[in-house]
Number of protein chains: 2
Amino acid sequence: MSVAAKPLNPRKTPLQGRSRATCDAILEAAARILESEGRQAFTTNHVAELAGVSVGSLYQYFPGKEAIVAVLVRQMRREMLDDFKEAVRQSRGEDLPGAARALVRAAVRHHLRRPALAQVLEREEADLPLDAETGQLKQRLRELVVGVVADHGVAEPDVAALDLIAMCHGMVDAAVQGGERDFAQLCARLERAVLGYLNAGDIRR
Amino acid sequence: MSVAAKPLNPRKTPLQGRSRATCDAILEAAARILESEGRQAFTTNHVAELAGVSVGSLYQYFPGKEAIVAVLVRQMRREMLDDFKEAVRQSRGEDLPGAARALVRAAVRHHLRRPALAQVLEREEADLPLDAETGQLKQRLRELVVGVVADHGVAEPDVAALDLIAMCHGMVDAAVQGGERDFAQLCARLERAVLGYLNAGDIRR
DNA sequence: TAGAAATGTGAGCAATTATTCGCATCATGA
DNA sequence: TCATGATGCGAATAATTGCTCACATTTCTA
């Protein structure tokens, strides 16, 4: 009955080129299965088969399937954070609408690469014992956005950042789920939402 | 390898009072497990145990665990839709801010009852073959909101409704996940977002 | 080129979970 | 009250999936 806290970190770091390729194949196969067949099809045997390697090889590098997901999640996170850092860099010297545009672009770009995968991994994250890491990521992302809005004199930048992130997240999520592909138009609507929210705040004081 | 499309609908409708109670116990146990122990603990045997009935009884009414989740999801949906219908009724004759307030209240109320459960069920929905039903629900919800915003002369009511629903969804989700409990303040922020979005639209034309 | 170290293999065992079935108990109506 | 159908039970079994291990192959290095 005890859960025994299974390890999530890779078992062994690949040293040679071919083992690196094996790991990549496993990760890619896992991603493909998650994004197009769903979690019930996500079994170690199936992942290995699709990757063209044996289960034994899989277990040489990953202690279990959760560990594979953990790597994918971390990859996604790093990309997302990088996108946002770049957006913040670009937004220096811009006015508020310009800054909003840069941030919104980052939020969309993150889902642009592999929309279905991004969505699944976010759901998967909830079942993974990565709470501390997840918290850190959210915190950094929030700080980035807080910095930008604070620079433009927005009141209560902390709350505003939280809300802006959440509303953009919701809108992008819905758009992807609904199969929208016109990302330029989506960006425009996100900007409208962001600027609208910020304006409404100004009006009140 | 074939998935064989398992049935999702209840097997037998309970006729006597005690069987009704059995079903309720099963559904409640399932809900409790999902909201506090997570999906990995959601097994038929465990559900039956917590419900205080035998597995046999469980399988008498549900062809599998997905069927239990399906019932819970449908229940949640009905409640949500009812909340929104009521909100629309209340919003008749109100001005735009008043209408926004009513809709926002409905969006929050839906998560107020059992926040953790609502969140889990939404995730669970994605793995269930209920796409048609899900689509219908979203459509009806959208129509309700379209009606309200159109009444107030909002341009492109269709797109606006979609965006408003999505942004509120995202914000409520984030708030619940973050453990927020001050729902009044959350409502205020949602209203700000909604009205801000609608205003930003007006400004453009 | 020989030995060592790394990597790859997949049948098969272990563990978990889903599901059934024969039988006991309870409710109903004639 | 008895008979019949509904409901409940849970050990036993089926099915799935996780995971290991003894051995084969490849690469490295000295």
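Throughout, a chain's letter reflects where its sequence line sits, starting with A, and its residues are numbered from 1.
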Whole Å only: how far is the [atom1] atom of [X] from the [atom2] atom of [N]?
X: A:Glu66; N: D:dT17; atom1: CD; atom2: P; answer: 14 Å
X: B:His46; N: C:dT19; atom1: NE2; atom2: P; answer: 17 Å
X: A:Arg39; N: D:dT16; atom1: CZ; atom2: C1'; answer: 17 Å
X: B:Gln40; N: C:dT17; atom1: CD; atom2: P; answer: 8 Å
X: B:Ile26; N: D:dG8; atom1: CD1; atom2: C1'; answer: 11 Å
X: B:Arg20; N: D:dA6; atom1: CZ; atom2: C1'; answer: 15 Å
X: B:Glu37; N: C:dT17; atom1: CD; atom2: P; answer: 12 Å
X: A:Phe62; N: D:dT20; atom1: CZ; atom2: C1'; answer: 18 Å

Side chain of [X] (C-beta onward), nearest among [options]:
X: B:Gln60; options: C:dT19, D:dC19, D:dT7; result: D:dT7
X: A:Asn45; options: C:dA18, C:dG10, D:dT17; result: D:dT17
X: A:Ser54; options: C:dA18, C:dT9, D:dG18; result: C:dT9
X: A:Val53; options: C:dT9, C:dA18, D:dC19; result: C:dT9
X: B:Tyr61; options: C:dG8, D:dT7, C:dA18; result: D:dT7

Scan residues 110-123 of chain A for pairs that pass salt bridge (Lys or Arg N to Asp or Glu O under 4.0 Å), counting only residues two or more places apart or in two chains. A:Glu28-A:Arg114, A:Glu35-A:Arg114, A:Glu79-A:Arg113, A:Asp83-A:Arg113
With sequence neighbours left out, which residue pairs that include part of residues 161-176 of chain B fulfil the salt bridge (Lys or Arg N to Asp or Glu O under 4.0 Å) condition? A:Arg189-B:Asp163
Are side-chain heavy atoms of [X] and [Y] found at a separation under 4.5 Å?
X: A:Gln75; Y: A:Leu27; result: yes
X: A:Tyr197; Y: A:Met167; result: yes
X: B:Leu162; Y: A:Glu180; result: yes

Can you list the residues that meet the side-chain hydrogen bond (donor to acceptor under 3.5 Å, both in side chains) rule with B:Glu124, with sequence neighbours excluded? B:Arg39
[N] phosphate, OP1 or OP2, under 4.0 Å from [X] side-chain N/O:
X: B:Ser19; N: D:dT7; result: yes
X: B:Ser57; N: D:dC9; result: yes
X: B:Thr44; N: C:dT19; result: no
X: B:Thr43; N: C:dT16; result: no

Once base and sugar-phosphate atoms are separated, protein heavy atoms under 4.0 Å mark nucleotides 21-30 of chain C, 5' to 3', with B, S and - as -----BS---
Identify the residue among B:Arg78, B:Arg140, B:Lys138, B:Arg77 that makes a salt bridge (Lys or Arg N to Asp or Glu O under 4.0 Å) with B:Glu133. B:Arg77
Between A:Val47 and A:Ala29, the two heavy atoms sitting closest are O-CB, 3.6 Å
For a quick check of understanding: with a heavy-atom distance under 4.0 Å over all strands, which category does B:Gly64 fall into, base, sugar-phosphate or nothing? sugar-phosphate
List the atom pairs, donor and acceptor, that lie under 3.5 Å between side-chain atoms in residues 97-110 of chain A and the rest of the protein, sequence neighbours left out.
none

When you match B:Phe42 and A:Val55 each to their closest nucleotide on DNA chain C, which lands nearer the 5' end? A:Val55
Taking five pairs at each end of the helix from C:dT1-D:dA30 to C:dA30-D:dT1, what angle separates the two helix axes (nearest 10°)? 10°
Enclosure of B:Arg32 CZ (heavy-atom neighbours >12, cutoff 6.0 Å): no
